[in-house]
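This report refers to the structure that appears directly beneath it.
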Amino acid sequence: MPSKHRFVTLDVFTSSAFGGNQLAVFPDASGIPEDALIQITREFNFAEVTFCYPPANPAHTKRVRIFTPAREIPFAGHPTVGTAIALLLLGEAGAQTGGSAKLVLEEGVGPIPVTVKSSPGTAAFAQFSTAKLAEIGPPVPGNDVLAEVLSIAADDILTAPMAAQNVSCGLPFLLVPLRSVDAVSRSRVRMEKWEPALKSAWAPDIFVFARKSEGGDAHFHARMYGPGVNVPEDPATGSANACLAGYLAARSAQKDGTLRWTVDQGIEMGRPSRIEIEADKSAGAVTAIRVGGNAVMMTEGSLAL
């Protein structure tokens, strides 16, 4: 007789159903065979699925493994936010005060502190601090090459000081700043150009962004292309937005205090997402990076194996 394993699904980085980034969470994956984890992830066909286990450190909440349809990864943003909110809503977040809880999730990059808040009638909110500050990777291809990969003109891509750069807060991305939201919307990855230029690169996945000029409360408009992890486009990418926070903070003239931005992603996919990012600076150095957003529970069920 097959064993049944409970799961929930959420839409993450949105306060409305059918927006944001889909996530499946198995709150207790202890009985799932190792070789089934990637197969289950491919069965859901979401950008990521998380599998929760008892923590190595009993003071922490859960050990969390994150899978894309291609492979296991050490860290990702929307799985961190969504898993923390799922655990809170399922009553597995530990002690709570006024609908809030402080969790520590053990991921491949190390312990991730997460603050979760839930109030009746509103979408739950979670914010995590990255385990690693922004690491700068090796030099990137020139703008002519990047323009060919992204199906845009070379002069759509900004140059120094807002130039393309490889950045990682536990998962590497090639950040490409563009001159306009229109250029972000026009971008498309050409696989025949991506493969020779970026398939084997330090950061094969591309995060394009532009500052919004038409007003409103969102500072940036972004898209993330993840051919390296079998995700053609991702509607909300917390790990890439963490990199963006480090990138922007390093270029800010502000020497001390907290900088905050909001990012709209997933618009072109019909799954609008809102990501809130922060960076702390002290004497000109970035000392902390945080990513936050809402999530809504969508389904609950069991998988028979």
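- Of the inter-residue distances, the one linking Lys102 atom NZ with Lys117 atom NZ reads 8.0 Å to the nearest 0.5 angstrom.
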**OP:** List the steps and the verdict of side-chain contact (heavy atoms from CB on, under 4.5 Å) for Thr115 and Ser100.
**Re:** CA-CA 7 Å; Thr115 300; Ser100 298; 5.5 Å; no

**OP:** Show your working on side-chain contact (heavy atoms from CB on, under 4.5 Å) between Leu178 and Leu158 and close with a plain yes or no.
**Re:** CA-CA 6 Å; Leu178 302 185; Leu158 297 178; 6.0 Å; no

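- Remark: the backbone N or O of Pro69 is paired with a side-chain donor or acceptor of Arg42 at under 3.5 angstrom.
- Under the 4.5 Å side-chain heavy-atom criterion for ILVMFWY residues, a single connected hydrophobic cluster contains both Leu103 and Val12.
- For the pair Phe51 and Ile32, the minimum side-chain heavy-atom distance is below 4.5 Å.
- A side-chain donor-acceptor contact under 3.5 Å links Ser168 to the backbone of Leu171.
- Asp256 contributes a side-chain N or O that, together with a main-chain N or O of Ala283, makes up a donor-acceptor pair within less than 3.5 Å.
- Separation of atoms OG1 (Thr287) and CG (Leu133) is listed at 7.5 Å; rounding is to 0.5 Å.
- The residues Glu106 and Arg63 are annotated as not salt-bridged, no charged nitrogen and carboxylate oxygen being separated by less than 4.0 angstrom.
- Side chains of Ser273 and Gln265: a donor-acceptor N/O pair is absent below 3.5 angstrom, by distance only.
- Side-chain contact between Pro111 and Leu105: absent, with no pair of heavy atoms (C-beta onward) separated by less than 4.5 Å.
- Under the side chain to side chain contact (heavy atoms under 4.5 Å, CB included) criterion, Ala70 pairs with Thr68, Asn230, not counting sequence neighbours.
- Residues Met224 and Ile267 do not share a hydrophobic cluster, defined by chaining ILVMFWY side chains whose heavy atoms lie under 4.5 Å apart.
- With rounding to the nearest 0.5 angstrom, the SG atom of Cys243 is 8.5 Å from the CD1 atom of Ile136.
- By the 4.5 Å heavy-atom criterion applied to side chains, Asp264 and Phe220 are not counted as neighbours.
- For the pair Ile152 and Ser187, the tightest heavy-atom approach, listed with the atom from each and the gap, is CG2-CA, 3.9 Å.
- Look at Glu72 and Arg65 and you find a salt bridge, because one of the NZ, NE, NH1 or NH2 atoms lies within 4.0 Å of a carboxylate O, short of that distance.
- Taking all atoms of both residues into account, the shortest heavy-atom contact from Leu88 to Ala101 is CD1-CB, 3.9 Å.
- Looking at Arg251, its side chain does come within 3.5 Å of a backbone N or O of Tyr247 through a donor-acceptor pair.
- For the residue pair Tyr53 and Ala29, the shortest heavy atom distance occurs at CE2-O, 3.5 Å.
- Phe18 and Phe46 end up in different hydrophobic clusters when Ile, Leu, Val, Met, Phe, Trp and Tyr side chains are linked at under 4.5 Å.
- The main-chain N or O of Leu37 is found under 3.5 Å from a side-chain atom of Thr41 such that the two form a donor-acceptor pair.
- In this structure the side chain of Val291 reaches within 4.5 angstrom of the side chain of Phe13, judged on heavy atoms.
- Side-chain contact between Val81 and Phe128: present, with at least one pair of heavy atoms (C-beta onward) separated by less than 4.5 Å.
- Counting heavy atoms from C-beta on, the side chains of Val114 and Thr80 come closer than 4.5 Å.
- Clustering ILVMFWY residues whenever any of their side-chain heavy atoms sit less than 4.5 angstrom apart, transitively, puts Leu90 in the very cluster that holds Val25.
- By the side chain to side chain contact (heavy atoms under 4.5 Å, CB included) test, Ser252 pairs with Gln254, Leu259, Lys281, sequence neighbours left out.
- A heavy-atom distance below 4.5 Å is not found between the side chains of His219 and Lys212.
- Environment of CD in Glu195: crowded, with over 12 heavy atoms of neighbouring residues, nucleotides or ligands closer than 6.0 Å.
- A donor-acceptor pair under 3.5 Å is formed between the side chain of Trp194 and the backbone N or O of Pro204.
- Looking at heavy atoms from C-beta onward, Ile206 lies in side-chain contact with Leu150 at the 4.5 angstrom threshold.
- Partners of Asp35 according to the side chain to side chain contact (heavy atoms under 4.5 Å, CB included) rule, which considers only residues two or more places apart in sequence or in another chain, are Pro33.
- Between Ala93 and Thr61, the shortest heavy-atom contact is CA-CG2, 4.4 Å.
- In terms of heavy-atom proximity, Leu174 sits nearest to Ala203 at N-CB, 3.6 Å.
- Side-chain N/O atoms of Ser3 and His5 include a donor and acceptor closer than 3.5 Å.
- Arg211 meets the salt bridge (Lys or Arg N to Asp or Glu O under 4.0 Å) test with no other residue; sequence neighbours excluded.
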Original post:
Given Asp234 and Asn21, is the side-chain hydrogen bond (donor to acceptor under 3.5 Å, both in side chains) satisfied, shown in steps?
Top reply: CA-CA 7 Å; Asp234 198 32; Asn21 203 348; 2.8 Å; yes

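- Side-chain atoms of Ser30 and Asp28 form a donor-acceptor pair, as typed in the model, at a separation below 3.5 Å.
- The salt bridge (Lys or Arg N to Asp or Glu O under 4.0 Å) check on Lys193 picks up Glu148, with sequence neighbours excluded.
- Counting only distance, with no hydrogens or angles, the side chain of Asp280 and the backbone of Thr258 share no donor-acceptor pair below 3.5 Å.
- Rounding to the nearest 0.5 Å places OH of Tyr225 at 5.0 Å from CD of Glu233.
- Shown here for Ala279 and Ala245, the closest heavy-atom pair between the two residues is CB-O, 4.1 Å.
- How far OG1 of Thr237 is from CZ of Phe207: 6.5 Å, rounded to the nearest 0.5 Å.
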Original post:
Does the pair Glu268 and Ser185 meet the rule for a side-chain hydrogen bond (donor to acceptor under 3.5 Å, both in side chains), with working shown?
Top reply: CA-CA 7 Å; Glu268 291 80 5; Ser185 296; 2.7 Å; yes

**OP:** Report the C-alpha distance between Arg188 and Arg223 in whole Å, list the side-chain angles of each, state the deciding distance to 0.1 Å, and finish with yes or no for side-chain contact (heavy atoms from CB on, under 4.5 Å).
**Re:** CA-CA 10 Å; Arg188 301 285 188 278; Arg223 302 177 77 173; 3.1 Å; yes

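- A single hydrophobic cluster is not seen to contain both Val296 and Leu87; linkage of ILVMFWY side chains at heavy-atom distances under 4.5 Å, directly or through other members, places them apart.
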Kindly list each side-chain donor-acceptor pair under 3.5 angstrom involving residues 298-305, sequence neighbours excluded, with atom names and distances?
unit_1, atom_1, unit_2, atom_2, d
Thr299, OG1, Thr9, OG1, 2.6
Glu300, OE2, Arg6, NE, 2.9
Glu300, OE2, Arg6, NH2, 2.6

Original post:
Taking it one step at a time, do Arg260 and Arg290 satisfy side-chain contact (heavy atoms from CB on, under 4.5 Å)?
Top reply: CA-CA 9 Å; Arg260 296 180 176 90; Arg290 291 179 295 277; 5.6 Å; no

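- Between the CG atom in Asn294 and the OG1 atom in Thr122 there is a gap of 8.0 Å [rounded to 0.5 Å].
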